[in-house]
2 protein chains.
Amino acid sequence: MRDLAKAVNLQGGSLYAHIDSKEELLFELVNRAADEFLASAEAVPVDLPARERLARLVRGHLEVVLRELGSATVFFHEWKFLSSDLQAKVKGLRDAYEAHWRRAIEDGAKRGEFQVEDVRVATLFVLSALNWTYQWYHPGGKLNLEALSKQYSNLIWKALEAR
Amino acid sequence: MRDLAKAVNLQGGSLYAHIDSKEELLFELVNRAADEFLASAEAVPVDLPARERLARLVRGHLEVVLRELGSATVFFHEWKFLSSDLQAKVKGLRDAYEAHWRRAIEDGAKRGEFQVEDVRVATLFVLSALNWTYQWYHPGGKLNLEALSKQYSNLIWKALEAR
DNA sequence: CCTACCGATCGGTAGG
DNA sequence: CCTACCGATCGGTAGG
């Protein structure tokens, strides 16, 4: 908390003129991150061909992760340390977000574009690959958002496609 | 450290009769985990067909993650807090491990079994999907190591295969 | 928003 | 391996 105070040019305790507790601050950050993921998925029209819909979800997800690498790291690592009722709120957003992905894959399967053994496992597989990006991505390298989204979309299309 | 001491029926400070520092203990755990991943990859023959080779890498990786969910979590989250020279040792093992995956995918591409735009990105994609498993897997559910390995291998085969 | 402080806990140690 | 302790740091607060 002292480091955070220093980062905004305040004395140690002065942060508490603005917030009630460390946990409130953590929740604010985590909740905001979860919200951005959800908003990016809600912006994707559901009547697109499944391939295009998935490509937009992929790009939205990676955009949030790459734009907020620091927040994403805190989000992924620290949400488990919230009290159980704050955790539940975050879980609600996360579940709503995952549902967008599950429905996109399900719809693709119904349309005959995709074919998967288990929609839940396929959804977890795809989201796992995307989430982990925060661990290895270095901004400013030659692999930008465009290039990464395109390659990941391709790999995911192939993994899910009906043959 | 007091919690750890209690867990092995010692008083707070008595742990230090066995270890030198908290960091040494963390390194021990992280290094061991990295070693187990590497050992599981080294056990896979390199002269198998690429598909089979990859399936064994997948199963080995998931076996380590599922068998040591707790250690895997600490490994993935906490290795960044080691001093830079201990970090470097862990990075060495991790790089050697990733090289096994990269070579397996490269060889598959050379044999014509696989076709990928960028081997590095494809390797990161696959390892990302596998690593994240520690976040959602619940032991004792209906999805056991066998079933998960099979489904993940299938998704990965499809993502990488030449068409 | 600062000064000055609180009790609790941290990693670790001396001496037995 | 325990007892008893160290200085540093933690999240947070009272009073201005």
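Residue numbers start from 1 in every chain, and the chains themselves are labelled A, B, ... in the order their sequence lines are given, proteins ahead of strands.
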Out of [options], whichever nucleotide has its closest atom nearest the side chain of [X]:
X	options	value
B:His18	C:dC1, D:dC1, C:dG11	D:dC1
B:Gln11	D:dG12, D:dT3, C:dC1	D:dT3
A:Leu10	D:dG11, D:dC5, C:dC2	C:dC2
B:Ser14	C:dC1, D:dC1, C:dC10	D:dC1

_Can you tell me if B:Tyr16 touches the phosphate of C:dT13, counting only side-chain N or O atoms and a distance under 4.0 Å to OP1 or OP2?_
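Checking C:dT13 against B:Tyr16, no side-chain N or O comes under 4.0 Å of OP1 or OP2.
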Grab the [atom1]-[atom2] distance between [X] and [N] for me, whole Å please.
X	N	atom1	atom2	value
B:Arg2	D:dC10	CZ	C1'	13 Å
A:Lys22	C:dA8	NZ	P	18 Å
B:Leu25	C:dC10	CG	C1'	16 Å
A:Lys6	C:dC1	NZ	P	18 Å
A:Phe81	D:dG11	CZ	P	14 Å
A:Leu15	D:dG12	CG	C1'	11 Å
A:Asp3	D:dG11	CG	C1'	13 Å

*asked:* Over 60° means perpendicular and under 30° means parallel, so tell me whether B:Trp132 and A:Phe76 are parallel, tilted or perpendicular.
replied: perpendicular
*Would you call B:Arg59-B:Glu63 a salt bridge at under 4.0 Å N-O?*
no
*For the pair A:Arg32 and A:Glu28, find out whether any cationic side-chain nitrogen is under 4.0 Å from an anionic carboxylate oxygen.*
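The answer is yes: the pair qualifies as a salt bridge.
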*Let me know, please, whether B:Met1 or A:Ala17 comes out on the 5' side of the other along DNA chain C by nearest nucleotide.*
A:Ala17
*Could you go step by step and tell me if A:Glu52 and A:Arg56 meet the salt bridge (charged side-chain N to carboxylate O under 4.0 Å, His left out) rule?*
CA-CA 6 Å; A:Glu52 177 62 19; A:Arg56 297 211 192 177; 2.9 Å; yes
_Which nucleotide, if any, forms a Watson-Crick or G-U wobble pair with C:dG15, using both distances under 3.5 Å?_
D:dC2
*With both distances kept under 3.5 Å, what pairs with C:dC10, Watson-Crick or G-U wobble?*
D:dG7
*Do B:Tyr134 and B:His77 get their side chains close enough for a donor-acceptor pair, meaning under 3.5 Å?*
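Indeed, the side chains of B:Tyr134 and B:His77 share at least one donor-acceptor pair under 3.5 Å.
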